[in-house]
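Step one of this worksheet: look at the structure below.
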Amino acid sequence: MGEVTFDKVCRIAGEAKLILYEEDEVVQDALFIATAPVRGFEKMVVGKNPLFAVEAVMRICGLCHASHGIAASEAIEHAIGVTPPRNGRLMREALGLINRAQSHALLFLMVAGDLIKEEKRNDVLFKLMDFHAKISDYLLKLGGAATHPPNLTIGGMLSVPKWSVFNNLKARFKDLTASWEATEELLIDEDIQTEIADELRGAKRPFKYLASGFFYGDRYNIEWDKVSSVPYYEFRKEEAARESTTLVSFYNGEKVETGPRARMITYREFRDESLYGLHLARIEDTRLAIQRLGEILDEIRMEEPFRAGDITFRPGKGVGVYEAPRGTLIHYVELGEEGRVLKSRIVVPTMFNIPVMEEMAKGLSVKAAEAVMRLYDPCIPCTTHVVRLR
Amino acid sequence: MLMEKLKVLHVDFAGCEGCNVSIIRAYPKLMNEIELDISYLRDGPPKYDEYDVALITGGACMNEPRILEELREIREKAKVIVAFGSCASLGGILRFARGGQEPRPDHRNFQPINSVIPVDYSIPGCPPTPQMLQSFFKFFMAGNESRLRLFKVTAGLKKLSGFDLIDDIVLTGLCIGCGACELSCPTGAIRLVEKRPTIIQERCIRCGTCYIRCPRASQLICLGGEKP
Amino acid sequence: MMPIGENLLGQFRGVYLARAKDEEILKRKVASGGAVTALLCYALDKGLVDGVVTSKRVKGFEGKAVVARNKEELLEAAGNSWSIVPFAARIKAKIEEEDLKEVAIVCLPCQAQFFGQMRDFPILETDFGNRIKYIISLFCMGTFAFEAFLNYLRVRYGVRAENIKNIRLGREFLEVHHNGTVLAIPLKEAFSYLQTGCLVCTDYTGLWSDVSAGFVESEPGWTVLITRNARGEELVKGAEKEGYIELRDGSHVLGDILKRAREKVARAQRNMAQLF
Ligand SMILES: Cc1cc2nc3c(=O)[nH]c(=O)nc-3n(C[C@H](O)[C@H](O)[C@H](O)COP(=O)(O)OP(=O)(O)OC[C@H]3O[C@@H](n4cnc5c(N)ncnc54)[C@H](O)[C@@H]3O)c2cc1C
Ligand code: SF4
Ligand code: SF4
Ligand code: SF4
Ligand code: SF4
């Protein structure tokens, strides 16, 4: 049994080590070991005002910042019995979907190194960065910043853009869609793809899927008390696992895959259950997110409020479940005296996906196995801050 | 003779990726001037043994010897070190990290990069925009030291935030009510009321941009080089 | 922005003495030569800018940020408002409300530093430096803590804020024009009412501006213009070529300006030692 070790996996979000056990070029097992230091956001927010908690958890991850902001706000609203008004909920959905498109654009860049021929990668970089800049401007104008949008807060929107801003964004929507279509063309053009892409097309790998909704997510679509997490080194007994700085999670005691493919198969007629399907599902996920954004811009009624009025922080427990770019994201929160954070637990999609990634690597070539790790879009900053549930 | 491209390395330490995204977004417009060696675009370890500039993002976890070792190696490999983003330059949100969290409760102290190695330029921002990085390289390659002085001086400082601005400038009576701080805060944590700034404590993430944009504060740190 | 050792006046291209040629401008109570107003009229007329953000004196010492789109609106703003202009947030709101793409901003050195830094180093996405084409900084020895100073004028001299028509800075006196008469207050006395923050300010001419404007005693009726870069140079030379301003070489007054700049830095050092 040979061992191929990547001390620092490139082209992923964060720092991780990958060990592939192979026998005559076919991977028998894989260890995906996150090595980034633990910044400890759950401990960080204890004793703090919930408003700070939302600002802080966004900084867990610069790729899916809005998702953490939304899930945390939902959990805190659930704890204190507040629901954002219609406009607030729609704007939050819009900010989340913009962030989904941003995050996917980054992931496409990272997997370009695996799926797309060398000479075409610069084209992909330019197209993706052009799209990323255009979509990010929507988050700036609606959310107040292209990263860590400050307008996203408990009860709805902190400040509301003028009507002229909405009109401006609607007028530019055609450019945004055109920029995405030009990017999509490159991402699905099989003539410029590598043999890794061919191998993944041939690898039929259905699995059990977890998704709490398509565009937004819902705490009542999953039984969040069926989620359990253990440190990685209790999940994998190998010596190398000791080095890991993350936990892994299971649903009903079982491994589940979450993310674009899970969403597409659960909520849309998406049938491609090959590993290449992970790539196609993310492309669909992006296109549908942009379309939905366009609809939301027309559904906003300026004369209605954008934030709940009566927000008083008081003791309570709450759960926020949101469909982040990488899959189902869960925030638990318990507020104590004066509504300060007493306890916070966060379960991120990558915690569900790490066991699945290791499973999917089996039977593939070394190159393809490495690519599959990226196709699950692992996010180490998100995964390395969490605490055991019970 | 085409000007040799600057060899630029990017390394991240426990950042959130937000700053990394800013850097990769800035790259297309910088491709003629610099060759960026960044994890997003490569397949193996860093390409060269020496670099003209190293962009470092994220904060240094002081409880991980291998990280401190790697930072010292980068100091050797790069002529100029730029701490990009509030985590790397002033601690930012990592100032609030206190450790005690599984599975690594020992990771309890995160410092800006200049606590481990000397830094030449520190650019606060959470994250700074891609345009900011493009501007930095424009002035850096033109050798315009005077224009970059503020980032040179910030590289010597370890902590700047809205709290520091209130203590150093407002409560000492040196504030002139110009309102620059209010416009430089990403989370709306500092606002002028009756021509004087007040801080909304729970919105401040300690990014430090209000401090370096305050004309009074930036003038004082640029004169003395240390905080008043 | 420079350590004191470096040149007090920062980098600059040229030093000139300028005066508005348009009688209408000179008729208005301009601060010195009306050159700033004339420069801005040129920029507006030729479409170099789509708006000018400057300050209009409203009551007593208070100034209000205004956007001038034509000569008439500019003329109303001529002269000085001795408070620091309403803060940057209002200026940003004005610029974004009218969606101005290329503005000229007239401001004081501290604001010139903020706008200049934002333009060169856009750290935040909400920065609007890309909309600022010209930064024109006025020389500045300080602005008043105007509530305190107005109260002093009322108590000590019976001058009410609403009656103040104009304030002019002379060599030894601050002239307060009210009800048709002029009250001359010794500078030392008036300057004790400056904002404390101004007492530690070291930037006399506005190092981050494109053009700095002020006056020297030896050349009454003329404005000193310092151009700091190609952009500032083109503005001033263009205004001259198109007949908006009269221009003379100003290198002979450089000494005076340096003297006051050094005075301001010395004052700052004295106060810094005391206040920290
Ligand atoms: C508070 C203050 C202190 C000054 N101190 C000095 C000094 O110590 N030494 C010196 O040489 N010159 C000083 N000046 C500059 C001088 O008073 C004249 O403004 C300058 O010489 C330009 O003259 P001008 O006739 O060309 O300007 P004008 O043609 O009269 O135009 C002046 C322009 O400046 C604008 N403006 C006036 N006050 C402000 C303000 N507070 N903020 C922003 N814009 C404003 C007006 O709206 C107008 O557009 C000071 C000016 C101010 C406002
Ligand atoms: S400065 Fe902000 S964006 Fe950059 S790594 Fe730190 S938290 Fe993320
Ligand atoms: S007040 Fe705002 S700009 Fe200043 S450190 Fe806090 S968050 Fe950053
Ligand atoms: S930027 Fe500085 S001087 Fe201006 S209002 Fe804020 S604290 Fe006061
Ligand atoms: S003295 Fe300095 S701080 Fe005071 S108003 Fe003038 S430029 Fe601004």
Side-chain angles (χ1 to χ4, degrees), chain B residues 22 85-86 123-136 138-139 144 146-151 153 168-170 172-186 188 191-192 194-195 197 207-210 212-220 222-225 227-228, chain C residues 1-7 10-11 62 65 83-93 107-130 142-143 145-147 194-203 207-208 265 268-269 271-272 275-276:
Chain B
S22 257
S86 296
I123 303 175
C126 183
T129 59
Q131 297 78 4
M132 176 59 218
L133 188 65
Q134 289 158 358
S135 283
F136 171 78
K138 189 181 99 188
F139 287 100
N144 189 334
S146 61
R147 247 348 185 222
L148 292 175
R149 180 163 170 70
L150 176 63
F151 304 111
V153 169
D168 298 350
I169 303 298
V170 182
T172 51
L174 298 183
C175 165
I176 44 168
C178 72
C181 48
E182 182 180 307
L183 280 187
S184 310
C185 173
R191 295 224 182 89
L192 261 74
E194 285 287 324
K195 290 217 181 261
C207 68
T209 40
C210 60
I212 63 163
R213 274 281 173 79
C214 161
R216 182 73 327 97
S218 56
Q219 231 178 52
L220 291 171
C222 282
L223 280 183
K227 267 171 69 183
Chain C
M1 257 303 269
M2 313 288 160
I4 298 169
E6 275 184 29
N7 179 326
Q11 300 156 323
E62 234 185 290
S83 83
I84 190 144
V85 178
F87 40 78
R90 207 137 320 130
I91 291 178
K92 175 180 180 184
C107 55
L108 297 172
C110 46
Q111 292 168 305
Q113 173 171 334
F114 167 60
F115 290 123
Q117 255 184 27
M118 184 187 343
R119 189 174 61 178
D120 280 353
F121 303 116
I123 291 178
L124 298 123
E125 276 114 1
T126 46
D127 283 345
F128 52 100
N130 50 3
T143 51
F146 64 85
E147 294 120 335
L194 287 182
Q195 294 201 69
T196 316
C198 296
L199 300 177
V200 293
C201 172
T202 54
D203 188 350
L207 305 176
W208 284 77
V265 167
Q269 281 182 317
N271 287 305
M272 243 188 296
L275 290 171
F276 288 131

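None of these values were measured; they are calculated from a predicted model. Heavy atoms only: backbone and side chains are in, while hydrogens, waters and symmetry mates are out. Numbered from 1 within each chain, the chains take letters A, B, ... in sequence-line order.
Counting heavy-atom pairs closer than 4.5 Å to chain C, the top residue among B:Cys126, B:Cys207, B:Ser135 is B:Ser135. Annotation: maximal heavy-atom pairing with chain C below 4.5 Å, among B:Pro130, B:Gly173, B:Cys214, occurs at B:Gly173.
Looking at B:Thr209, the atoms closer than 4.5 Å to chain C (heavy atoms on both sides) all sit in the side chain, from C-beta outward. The parts of C:Glu125 that come within reach of chain B are both its backbone and its side chain, each placing non-hydrogen atoms under 4.5 angstrom from that chain. Both the backbone and the side chain of B:Ile212 have a heavy atom closer than 4.5 Å to some heavy atom of chain C. For B:Arg216, the part sitting under 4.5 Å from any heavy atom of chain C is the side chain, from C-beta outward, and nothing else. Residue C:Asn130: no heavy atom, backbone or side chain, is found under 4.5 Å from chain B. With a 4.5 Å cut-off on non-hydrogen atoms, C:Phe115 does not touch chain B at all.
Two residues are said to be in side-chain contact when any heavy atoms from C-beta on lie closer than 4.5 Å; C:Val200 and B:Gln219 fail this criterion.
B:Asn144 is linked by a side chain to side chain donor-acceptor pair (under 3.5 Å) to B:Ser146, counting only residues two or more places apart in sequence or in another chain.
Side chain of C:Gln111 to main chain of C:Leu108: a donor-acceptor pair is present (N/O by atom type, distance under 3.5 Å, no hydrogens or angles).
A perpendicular orientation is assigned to the rings of C:Phe121 and C:Trp208, their planes being inclined by more than 60° (bins at 30° and 60°).
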Residues 175-185 of chain B, side-chain donor-acceptor partners within the protein, below 3.5 Å, at least two apart:
unit_1: B:Glu182; atom_1: OE1; unit_2: B:Leu192; atom_2: N; d: 2.7
unit_1: B:Ser184; atom_1: OG; unit_2: B:Ala180; atom_2: O; d: 2.7

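Electrostatic pairing of C:Asp127 and B:Arg213 counts as a salt bridge here, judged by a charged N lying under 4.0 Å from a carboxylate O.
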